[in-house]
Number of protein chains: 2
Amino acid sequence: MKETFGEYVKRLRTENNLTLTQLAAQLDLDSANLSKIENGKRAFDEKRLIKLANFFKLNMDKLKTEFFSDLIAKKIYQTKCCHETLLLAEEKIKYLQQKEIKTGVLNL
Amino acid sequence: MKETFGEYVKRLRTENNLTLTQLAAQLDLDSANLSKIENGKRAFDEKRLIKLANFFKLNMDKLKTEFFSDLIAKKIYQTKCCHETLLLAEEKIKYLQQKEIKTGVLNL
DNA sequence: TAATTCTTGTCATATTTTGCCAAATATAAT
DNA sequence: ATTATATTTGGCAAAATATGACAAGAATTA
């Protein structure tokens with residue numbers, strides 16, 4: 001069973017025997033806020049992914065997959081949507097791709 | 001090929017021969033902002049779904065499907081994520097469901 | 001029990017979103 | 001073509017939300 005992004009960060013940190021304060025410093029963060037991030041009470045800012053990747057020597061693409069899957073999962077979860085909603089979403093993704101190809105710009 | 005939520009609203013409006021001003025009034029909205037919504041330059045606020053459904057006599061569940069599929073599609077589109085990300089997201093959704101069952105609360 | 005670490009609450013500030021208005025553009029009618 | 005009507009766009013102030021920072025409380029460890 002998978003984990004949230006916050007739990008993932010916490011695991012990285014504890015497996016490397018770091019305190020919140022130590023990791024937070026590396027990420028330009030307050031330790032209190034890192035705690036909140038780990039416990040899902042605040043969002044992790046995308047701009048800090050690079051710092052996280054560098055510090056733990058992580059593959060950036062894999063990290064982004066971890067991060068964005070979290071965003072998407074939470075968005076889907078929040079809407080309490082049904083399977084039909086997701087099928088329709090897939091169609092709309094294709095539509096948006098076509099649209100961007102045609103128009104060059106895409107307002108979201 | 002599907003349409004965006006904005007395009008869907010515009011279609012509803014034009015098929016019913018309404019001006020922006022007319023529909024906007026029903027939705028407690030400025031006509032300028034309704035225009036932006038239709039053209040994907042502003043978001044449609046969830047709280048107005050009920051007004052939209054009542055005015056056009058739409059099925060609320062279907063309307064929500066239209067609406068949330070849009071949110072999700074755009075979120076996925078924005079992240080430019082790959083298929084792997086979506087698979088992981090699906091796992092995380094299951095995880096979040098389990099978690100809510102266990103803990104009763106869920107921080108997102 | 002003392003020290004350290006973690007969690008939670010709060011608040012000022014920064015950022016984003018929203019409603020509203022005015023001007024510019026496009027469309028339709030006469 | 002001119003006028004009237006409808007739509008789009010830009011901008012701004014206010015509202016809402018997110019963020020960083022600090023302090024106090026709770027949990028963990030030595």
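Convention: sequence-line order gives letters A, B, ...; per-chain numbering from 1. In this text the structure is predicted, and so the values were computed from the model without any measurement. Just the heavy atoms: all of them, side chains too, but no hydrogens, waters or symmetry mates, feed the values below.
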Quiz prompt | Euclidean distance, atom CG of residue A/L23 to atom P of C/dT7 [Å, nearest integer] | solution = 13 Å
Quiz item: Roughly, in whole Å, what's the span from CG in A/L18 to C1' in C/dC6?
Solution: 15 Å
Quiz item: Within the structure, does a side-chain N or O atom of A/R13 lie under 4.0 Å from either OP1 or OP2 of C/dC6?
Solution: yes
Quiz item: Can you check the B/D30 CG to C/dG19 C1' distance for me, whole Å?
Solution: 7 Å
Exercise. Output yes when at least one side-chain N/O atom of B/N39 is less than 4.0 Å from OP1 or OP2 of D/dT8, else no.
Key: yes
Quiz item: Does the D/dG10 base have a donor-acceptor partner in the side chain of B/K36 within less than 3.5 Å?
Solution: yes
Quiz item: Any side-chain N or O of B/K10 under 4.0 Å from OP1/OP2 of D/dT8?
Solution: yes
Quiz item: For A/R48 and D/dG20, is the shortest distance between a side-chain N/O and OP1 or OP2 below 4.0 Å?
Solution: yes
Quiz item: Over how many whole Å does the gap from B/N33 atom CG to C/dT16 atom P extend?
Solution: 19 Å
Quiz item: What is the distance, rounded to the nearest whole Å, between atom CZ of B/F44 and atom C1' of C/dT18?
Solution: 14 Å
Quiz item: Under 3.5 Å, is there a donor-acceptor pair between the A/E100 and B/Y77 side chains?
Solution: yes
Exercise. Take A/A43 and A/A32, find for each the nucleotide of DNA chain D with the closest heavy atom, and name the residue whose nucleotide sits nearer the 5' end.
Key: A/A43
Quiz item: If you check the A/R42 side chain, which of D/dG20, C/dT18, C/dT5 turns out closest?
Solution: D/dG20
Practice problem: Using a strict cut-off of less than 4.0 Å between a Lys/Arg side-chain nitrogen and an Asp/Glu carboxylate oxygen, indicate whether B/E7 and A/K92 qualify as a salt bridge. | Solution: no
Self-check item: Length of the CZ-P vector between A/R11 and C/dC6, whole Å
Solution: 17 Å
Exercise. Could you tell me whether the side chain of B/R48 and the main chain of B/D28 form a donor-acceptor pair under 3.5 Å?
Key: yes
Quiz item: Please give, in whole Å, the distance from C/dT5 P to A/L29 CG?
Solution: 18 Å
Exercise. Using a heavy-atom cut-off of under 4.0 Å over every strand shown, decide if B/S35 touches base, sugar-phosphate, or nothing.
Key: base
Quiz item: Between the side chains of B/Y95 and B/E90, does any donor sit under 3.5 Å from an acceptor?
Solution: no
Practice problem: Could you tell me whether B/E38 and B/R13 make a salt bridge, using a distance below 4.0 angstrom between a side-chain N and a carboxylate O? | Solution: yes
Quiz item: Closer than 4.0 Å, any side-chain N/O of B/K41 to the OP1 or OP2 of D/dT9?
Solution: yes
Exercise. Calculate the interatomic distance between B/Q22 atom CD and D/dT7 atom C1'; express it in whole Å.
Key: 13 Å
